[in-house]
Amino acid sequence: MTRTVVVSGGGTGIGRAVAETFAADGDKVVITGRRADVLERAVAEIKGDVSAVPADLTVPDDVRRVAESVDAVDVIVNNAGAGSSFGPRETLEEHAAAWRRELDLNVLTAVLLTEALLPKLTRPGGRIIGMSSIAALRGGGGAYSAAKAALHGWCLALAGDLGPEGITVNVVAPGFIAETEFFGGRMSPEGYASRVRSTVVGRAGAPEDVAAMVRYLASPEAGFVTGQVLQINGGALFGRG
Ligand SMILES: NC(=O)c1ccc[n+]([C@@H]2O[C@H](COP(=O)([O-])OP(=O)(O)OC[C@H]3O[C@@H](n4cnc5c(N)ncnc54)[C@H](OP(=O)(O)O)[C@@H]3O)[C@@H](O)[C@H]2O)c1
(Lines give C-alpha, C1' and ligand atoms only; values in the text may rest on other atoms or scores of the structure.)
Protein backbone atom coordinates (compact mmCIF):
# COMPACT_ATOMS: atom_id res chain seq x y z
CA MET A 1 0.00 0.00 0.00
CA THR A 2 1.37 3.41 -0.94
CA ARG A 3 1.63 5.71 2.06
CA THR A 4 2.06 9.47 2.22
CA VAL A 5 5.07 10.51 4.26
CA VAL A 6 5.93 14.10 5.23
CA VAL A 7 9.59 14.67 6.11
CA SER A 8 10.68 17.99 7.57
CA GLY A 9 14.23 19.00 6.72
CA GLY A 10 14.01 16.46 3.90
CA GLY A 11 16.32 18.33 1.55
CA THR A 12 19.58 17.56 3.37
CA GLY A 13 21.38 15.09 5.61
CA ILE A 14 19.32 12.68 7.68
CA GLY A 15 15.99 13.97 6.35
CA ARG A 16 17.08 13.47 2.77
CA ALA A 17 18.15 9.88 3.52
CA VAL A 18 14.76 9.31 5.16
CA ALA A 19 13.00 10.71 2.08
CA GLU A 20 15.10 8.49 -0.21
CA THR A 21 14.28 5.41 1.86
CA PHE A 22 10.51 5.94 1.76
CA ALA A 23 10.59 6.89 -1.93
CA ALA A 24 12.51 3.68 -2.71
CA ASP A 25 9.75 1.76 -0.90
CA GLY A 26 7.21 3.29 -3.32
CA ASP A 27 5.72 5.78 -0.86
CA LYS A 28 4.62 9.29 -1.79
CA VAL A 29 7.01 11.65 -0.01
CA VAL A 30 6.62 15.37 0.70
CA ILE A 31 9.76 17.14 1.84
CA THR A 32 9.89 20.55 3.44
CA GLY A 33 12.53 23.02 4.58
CA ARG A 34 13.25 26.71 4.22
CA ARG A 35 15.48 26.65 1.12
CA ALA A 36 13.53 26.09 -2.10
CA ASP A 37 16.67 25.46 -4.20
CA VAL A 38 17.90 22.72 -1.85
CA LEU A 39 14.49 21.03 -1.91
CA GLU A 40 14.22 21.25 -5.70
CA ARG A 41 17.64 19.63 -6.07
CA ALA A 42 16.58 16.78 -3.79
CA VAL A 43 13.33 16.30 -5.74
CA ALA A 44 15.31 16.13 -8.99
CA GLU A 45 17.87 13.67 -7.61
CA ILE A 46 15.72 11.29 -5.58
CA LYS A 47 14.08 8.51 -7.58
CA GLY A 48 10.37 8.09 -6.90
CA ASP A 49 7.31 10.14 -6.00
CA VAL A 50 8.82 13.09 -4.14
CA SER A 51 7.50 16.66 -4.02
CA ALA A 52 8.60 19.72 -2.08
CA VAL A 53 6.87 22.49 -0.16
CA PRO A 54 9.30 25.22 0.92
CA ALA A 55 8.36 26.37 4.42
CA ASP A 56 9.79 27.82 7.59
CA LEU A 57 8.14 25.49 10.09
CA THR A 58 8.33 28.07 12.86
CA VAL A 59 5.82 30.19 10.88
CA PRO A 60 2.16 29.10 11.14
CA ASP A 61 1.15 30.27 7.62
CA ASP A 62 4.02 28.28 6.10
CA VAL A 63 3.06 25.20 8.10
CA ARG A 64 -0.56 25.51 6.88
CA ARG A 65 0.70 25.43 3.28
CA VAL A 66 2.50 22.16 3.97
CA ALA A 67 -0.65 20.64 5.48
CA GLU A 68 -2.77 21.87 2.57
CA SER A 69 -0.46 20.09 0.11
CA VAL A 70 -1.66 16.64 1.22
CA ASP A 71 -5.15 15.13 1.40
CA ALA A 72 -4.08 12.56 3.95
CA VAL A 73 -0.85 11.55 5.69
CA ASP A 74 0.36 8.24 7.11
CA VAL A 75 3.78 9.14 8.51
CA ILE A 76 5.12 12.43 9.91
CA VAL A 77 8.89 12.58 10.33
CA ASN A 78 9.72 15.66 12.42
CA ASN A 79 13.38 15.74 11.46
CA ALA A 80 14.01 19.50 11.00
CA GLY A 81 16.23 20.98 13.66
CA ALA A 82 19.55 22.62 14.30
CA GLY A 83 22.11 23.43 16.93
CA SER A 84 22.35 27.09 16.12
CA SER A 85 23.32 28.89 19.27
CA PHE A 86 26.90 28.00 20.08
CA GLY A 87 29.53 30.55 20.99
CA PRO A 88 29.82 33.10 23.78
CA ARG A 89 26.81 35.03 25.07
CA GLU A 90 27.20 37.94 27.40
CA THR A 91 23.91 39.69 27.91
CA LEU A 92 20.62 38.28 29.15
CA GLU A 93 19.15 39.41 25.83
CA GLU A 94 21.65 37.19 24.00
CA HIS A 95 20.78 34.25 26.25
CA ALA A 96 17.05 34.81 25.72
CA ALA A 97 17.44 35.04 21.94
CA ALA A 98 19.59 31.90 21.78
CA TRP A 99 17.22 29.82 23.91
CA ARG A 100 14.15 31.00 22.01
CA ARG A 101 15.81 30.20 18.70
CA GLU A 102 16.83 26.72 19.81
CA LEU A 103 13.33 25.94 21.11
CA ASP A 104 11.81 27.34 17.90
CA LEU A 105 13.99 25.25 15.61
CA ASN A 106 13.90 21.97 17.52
CA VAL A 107 10.52 21.94 19.27
CA LEU A 108 8.15 24.42 17.61
CA THR A 109 8.91 23.08 14.10
CA ALA A 110 7.74 19.62 15.21
CA VAL A 111 4.76 20.82 17.25
CA LEU A 112 3.33 23.08 14.53
CA LEU A 113 3.78 20.55 11.70
CA THR A 114 2.22 17.78 13.77
CA GLU A 115 -0.73 19.91 14.92
CA ALA A 116 -1.40 21.00 11.33
CA LEU A 117 -1.29 17.43 9.98
CA LEU A 118 -3.03 15.64 12.86
CA PRO A 119 -6.56 15.93 11.41
CA LYS A 120 -5.32 14.20 8.25
CA LEU A 121 -3.26 11.48 9.96
CA THR A 122 -4.37 7.88 9.35
CA ARG A 123 -6.26 6.26 12.24
CA PRO A 124 -5.41 3.54 13.09
CA GLY A 125 -1.88 3.08 11.78
CA GLY A 126 -0.52 6.66 11.73
CA ARG A 127 3.07 7.21 12.73
CA ILE A 128 4.85 10.23 14.23
CA ILE A 129 8.62 10.20 14.61
CA GLY A 130 10.67 12.94 16.28
CA MET A 131 14.38 13.56 15.71
CA SER A 132 16.25 14.19 18.94
CA SER A 133 19.94 13.85 19.77
CA ILE A 134 22.37 12.12 22.07
CA ALA A 135 22.79 15.63 23.51
CA ALA A 136 19.33 15.40 25.10
CA LEU A 137 20.45 12.35 27.08
CA ARG A 138 23.98 13.25 28.11
CA GLY A 139 24.07 17.05 27.80
CA GLY A 140 26.88 18.90 26.15
CA GLY A 141 24.87 21.20 23.95
CA GLY A 142 23.41 23.83 26.28
CA ALA A 143 20.12 25.12 24.93
CA TYR A 144 20.23 22.53 22.13
CA SER A 145 20.34 19.65 24.65
CA ALA A 146 17.47 21.17 26.57
CA ALA A 147 15.39 21.78 23.44
CA LYS A 148 15.81 18.17 22.29
CA ALA A 149 14.91 16.94 25.79
CA ALA A 150 11.76 19.07 25.60
CA LEU A 151 10.92 17.27 22.38
CA HIS A 152 10.98 13.99 24.34
CA GLY A 153 8.44 15.24 26.88
CA TRP A 154 6.07 16.44 24.19
CA CYS A 155 6.40 13.26 22.08
CA LEU A 156 5.83 10.97 25.07
CA ALA A 157 2.71 12.91 26.07
CA LEU A 158 1.49 12.68 22.47
CA ALA A 159 2.09 8.91 22.48
CA GLY A 160 -0.25 8.66 25.45
CA ASP A 161 -2.90 10.85 23.83
CA LEU A 162 -2.85 9.20 20.40
CA GLY A 163 -2.24 5.55 21.33
CA PRO A 164 -5.98 4.85 21.75
CA GLU A 165 -6.47 6.07 18.14
CA GLY A 166 -3.89 3.58 16.85
CA ILE A 167 -1.16 6.16 16.24
CA THR A 168 2.37 5.54 17.50
CA VAL A 169 4.77 8.32 18.51
CA ASN A 170 8.48 7.67 18.98
CA VAL A 171 11.72 9.61 19.19
CA VAL A 172 15.02 8.73 17.51
CA ALA A 173 18.14 10.08 19.26
CA PRO A 174 21.19 9.90 16.99
CA GLY A 175 24.80 10.30 18.04
CA PHE A 176 27.38 11.66 15.61
CA ILE A 177 26.09 11.45 12.04
CA ALA A 178 28.51 12.64 9.36
CA GLU A 179 27.67 13.84 5.83
CA THR A 180 25.02 16.35 6.91
CA GLU A 181 24.97 20.14 7.16
CA PHE A 182 24.50 19.97 10.92
CA PHE A 183 28.00 20.99 11.98
CA GLY A 184 28.46 23.48 9.15
CA GLY A 185 32.05 24.71 9.29
CA ARG A 186 32.38 23.90 13.00
CA MET A 187 33.77 20.34 12.71
CA SER A 188 37.58 20.10 13.01
CA PRO A 189 39.48 16.90 12.11
CA GLU A 190 40.18 16.46 15.85
CA GLY A 191 36.49 16.86 16.68
CA TYR A 192 35.59 14.29 14.06
CA ALA A 193 38.20 11.81 15.32
CA SER A 194 37.18 12.19 18.96
CA ARG A 195 33.52 11.61 18.09
CA VAL A 196 34.44 8.44 16.21
CA ARG A 197 36.59 7.31 19.17
CA SER A 198 33.61 7.78 21.48
CA THR A 199 31.74 5.00 19.66
CA VAL A 200 32.41 1.32 20.28
CA VAL A 201 32.00 0.45 16.59
CA GLY A 202 34.75 2.85 15.53
CA ARG A 203 32.96 4.88 12.89
CA ALA A 204 30.74 7.89 12.37
CA GLY A 205 27.06 7.25 11.73
CA ALA A 206 25.63 7.84 8.26
CA PRO A 207 22.24 9.39 7.47
CA GLU A 208 21.19 5.98 6.11
CA ASP A 209 21.73 4.40 9.55
CA VAL A 210 19.11 6.73 11.00
CA ALA A 211 16.79 6.35 8.01
CA ALA A 212 16.71 2.58 8.54
CA MET A 213 15.48 3.06 12.11
CA VAL A 214 12.87 5.59 11.01
CA ARG A 215 11.72 3.17 8.31
CA TYR A 216 11.19 0.44 10.92
CA LEU A 217 9.30 2.74 13.29
CA ALA A 218 7.01 3.77 10.42
CA SER A 219 6.31 0.20 9.37
CA PRO A 220 3.14 -1.75 10.17
CA GLU A 221 5.37 -4.22 12.09
CA ALA A 222 6.22 -1.50 14.62
CA GLY A 223 2.65 -1.02 15.82
CA PHE A 224 3.54 -2.18 19.35
CA VAL A 225 6.43 0.31 19.69
CA THR A 226 5.32 3.67 21.03
CA GLY A 227 6.40 6.24 23.57
CA GLN A 228 10.06 5.26 23.16
CA VAL A 229 13.30 7.19 22.79
CA LEU A 230 15.50 5.00 20.57
CA GLN A 231 19.21 5.70 20.55
CA ILE A 232 21.38 5.22 17.47
CA ASN A 233 24.95 6.18 18.24
CA GLY A 234 27.43 3.36 17.61
CA GLY A 235 27.55 2.71 21.34
CA ALA A 236 28.75 6.19 22.25
CA LEU A 237 26.11 6.15 24.98
CA PHE A 238 24.70 2.84 26.14
CA GLY A 239 21.01 2.37 26.89
CA ARG A 240 19.85 1.50 30.39
CA GLY A 241 18.91 -2.09 31.19
N1 LIG B 1 24.21 15.18 12.31
C2 LIG B 1 24.24 14.80 13.57
O3 LIG B 1 25.29 14.39 14.08
C4 LIG B 1 22.98 14.82 14.40
C5 LIG B 1 23.03 14.19 15.66
C6 LIG B 1 21.91 14.17 16.45
C7 LIG B 1 20.73 14.76 16.01
N8 LIG B 1 20.69 15.37 14.80
C9 LIG B 1 19.39 15.96 14.39
O10 LIG B 1 19.01 15.40 13.15
C11 LIG B 1 18.16 16.31 12.46
C12 LIG B 1 18.65 16.47 11.03
O13 LIG B 1 19.92 17.09 11.07
P14 LIG B 1 21.08 16.79 10.02
O15 LIG B 1 22.23 16.26 10.77
O16 LIG B 1 20.56 16.03 8.86
O17 LIG B 1 21.50 18.29 9.62
P18 LIG B 1 21.04 19.22 8.42
O19 LIG B 1 21.55 18.68 7.14
O20 LIG B 1 21.43 20.60 8.83
O21 LIG B 1 19.44 19.10 8.42
C22 LIG B 1 18.56 19.96 9.12
C23 LIG B 1 17.38 20.23 8.22
O24 LIG B 1 16.38 20.95 8.95
C25 LIG B 1 15.86 21.96 8.09
N26 LIG B 1 15.37 23.06 8.93
C27 LIG B 1 16.04 23.72 9.91
N28 LIG B 1 15.27 24.69 10.43
C29 LIG B 1 14.09 24.66 9.76
C30 LIG B 1 12.89 25.44 9.82
N31 LIG B 1 12.76 26.47 10.66
N32 LIG B 1 11.88 25.11 8.99
C33 LIG B 1 12.00 24.07 8.12
N34 LIG B 1 13.11 23.32 8.00
C35 LIG B 1 14.14 23.61 8.81
C36 LIG B 1 17.05 22.39 7.23
O37 LIG B 1 16.64 22.94 5.98
P38 LIG B 1 16.67 24.53 5.72
O39 LIG B 1 17.94 25.07 6.31
O40 LIG B 1 16.60 24.66 4.23
O41 LIG B 1 15.44 25.06 6.39
C42 LIG B 1 17.75 21.05 7.00
O43 LIG B 1 17.27 20.40 5.84
C44 LIG B 1 18.16 17.60 13.28
O45 LIG B 1 16.97 17.65 14.08
C46 LIG B 1 19.38 17.45 14.18
O47 LIG B 1 19.24 18.18 15.38
C48 LIG B 1 21.78 15.42 13.98
Side-chain angles (χ1 to χ4, degrees), residues 6-21 30-43 46 52-63 65-66 76-86 100-114 116 129-152 155 171-187 191-192 194-196 198-199 203-211 213-214 229-234 236-237:
V6 175
V7 184
S8 71
T12 67
I14 294 169
R16 177 166 165 158
V18 168
E20 282 171 352
T21 298
V30 178
I31 57 175
T32 181
R34 290 165 299 188
R35 290 166 296 168
D37 57 329
V38 169
L39 295 174
E40 286 312 324
R41 197 159 54 243
V43 167
I46 299 173
V53 183
D56 181 338
L57 298 175
T58 65
V59 177
D61 278 345
D62 279 22
V63 178
R65 275 194 297 102
V66 179
I76 306 169
V77 184
N78 286 312
N79 162 79
S84 65
S85 307
F86 302 107
R100 289 201 174 105
R101 182 163 176 73
E102 220 68 351
L103 289 165
D104 273 2
L105 291 178
N106 294 290
V107 183
L108 200 63
T109 50
V111 171
L112 293 185
L113 185 63
T114 302
I129 296 152
M131 196 60 66
S132 177
S133 168
I134 192 171
L137 301 165
R138 70 168 186 201
Y144 175 71
S145 304
K148 289 299 195 186
L151 189 70
H152 296 188
C155 285
V171 179
V172 174
F176 175 45
I177 309 298
E179 302 157 44
T180 83
E181 295 183 355
F182 183 78
F183 290 96
R186 299 193 306 271
M187 179 59 72
Y192 187 103
S194 85
R195 283 172 174 78
V196 168
S198 76
T199 72
R203 70 169 174 90
E208 292 72 24
D209 292 318
V210 184
M213 184 179 270
V214 171
V229 178
L230 293 112
Q231 296 196 61
I232 173 160
N233 57 34
L237 180 67

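We count ligands from 1, going down the list as the structure has it; atoms in each ligand are counted the same way. If you're wondering where the values come from, they're calculated on a predicted model, not measured in any experiment.
- Side-chain contact between L105 and S84 is present, with at least one heavy-atom pair separated by less than 4.5 Å.
- Residue V107 comes nearest to A150 through the heavy atom pair CG2-CB, 4.0 Å, listed as atom of the first residue, atom of the second, then distance.
- In terms of polar-atom proximity, T58 is not counted as a contact of ligand 1, lacking any N or O under 3.5 Å from an N or O of the ligand.
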Evaluate the criterion side chain to side chain contact (heavy atoms under 4.5 Å, CB included) for residue pair V30 and V53; output intermediate values, then yes/no.
CA-CA 7 Å; V30 178; V53 183; 3.9 Å; yes
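- Of all protein heavy atoms, the one closest to atom 3 (O) of ligand 1 is I177 N, 2.9 Å.
- Ligand 1 is never approached by A173 to a heavy-atom distance shorter than 4.0 Å.
- Atom 47 (O) of ligand 1 has Y144 OH, 2.6 Å as its closest protein atom, hydrogens excluded (heavy atom only).
- Of all the atoms in ligand 1, the ones that sit under 4.0 Å from a non-hydrogen atom of S133 are 6 (C), 7 (C).
- Counting protein heavy atoms only, atom 29 (C) of ligand 1 is closest to R34 NE, 3.5 Å.
- Closest to atom 33 (C) of ligand 1 by heavy atom, among G9, G130, A55, S8, is A55.
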Begin from the C-alpha positions of T114 and N78 and carry the test side chain to side chain contact (heavy atoms under 4.5 Å, CB included) through to its verdict.
CA-CA 8 Å; T114 302; N78 286 312; 2.8 Å; yes
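- Taking both residues in full, the closest heavy atoms of S8 and L113 are given as CB-CD2, 3.9 Å, listed atom of the first, atom of the second, then distance.
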I'd like to know whether V66 forms a side chain to side chain contact (heavy atoms under 4.5 Å, CB included) with D62, so could you lay out the CA-CA distance, the side-chain angles of the two residues, the decisive distance to 0.1 Å, and finally the verdict.
CA-CA 7 Å; V66 179; D62 279 22; 5.9 Å; no
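- At least one heavy atom of L105 lies less than 4.0 angstrom from ligand 1.
- The shortest heavy-atom distance from G175 to ligand 1 is under 4.0 Å.
- The closest protein non-hydrogen atom to atom 22 (C) of ligand 1 is G81 O, 3.5 Å.
- Among the atoms of T109, none of the N or O lies under 3.5 angstrom from an N or O of ligand 1.
- In this structure, CG in L103 is found 12.0 Å from OG1 in T58, a value given to the nearest 0.5 Å.
- Checked by distance only, ligand 1 and F176 stay at 3.5 Å or farther apart across all their nitrogen or oxygen atoms.
- What sits closest to atom 31 (N) of ligand 1 on the protein, heavy atoms only, is D56 OD1, 3.0 Å.
- Closest of all the heavy-atom pairs between T32 and L39 is C-CD2, 3.9 Å.
- Here the closest non-hydrogen pair linking V43 and A52 is CG2-CB, 3.7 Å.
- Ranking the protein heavy atoms by distance from atom 7 (C) of ligand 1 puts S132 O, 3.0 Å first.
- Across M131, R35, R101, heavy-atom proximity to atom 38 (P) of ligand 1 is greatest for R35.
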Indicate every side-chain donor-acceptor pair of residues 134-145 with a distance under 3.5 Å to a residue at least two apart or in another chain.
residue, atom, partner, partner atom, Å
S145, OG, A135, O, 3.2
S145, OG, G141, N, 2.8

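- Residue contacts with ligand 1 include K148, since one of its heavy atoms falls under 4.0 Å from the ligand.
- Within the listing of ligand 1, atoms 16 (O), 19 (O) sit less than 4.0 angstrom from a heavy atom of G13.
- For A135, the heavy-atom gap to ligand 1 stays at 4.0 angstrom or more.
- Taking each heavy atom of R16 and A42 in turn, the nearest pair found is NH1-CA, 3.8 Å.
- When non-hydrogen atoms are compared, ligand 1 lies under 4.0 Å from the backbone of N79 as well as from its side chain.
- For the pair I14 and I177, the minimum side-chain heavy-atom distance is below 4.5 Å.
- The single protein non-hydrogen atom nearest to atom 35 (C) of ligand 1 is A80 CB, 3.7 Å, given as residue, atom name and distance.
- In terms of protein heavy-atom proximity, atom 34 (N) of ligand 1 is closest to G33 CA, 3.5 Å.
- The closest heavy-atom contact to atom 32 (N) of ligand 1, among the options L57, T180, L39, I14, comes from L57.
- Of all heavy-atom pairs between Q231 and M213, the closest is O-CE, 3.6 Å.
- Polar contact with ligand 1: present for T12 (N/O pair, distance under 3.5 Å).
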Side chain to side chain contact (heavy atoms under 4.5 Å, CB included) for K148 and V171? Distances and angles first, verdict last.
CA-CA 10 Å; K148 289 299 195 186; V171 179; over 6 Å; no
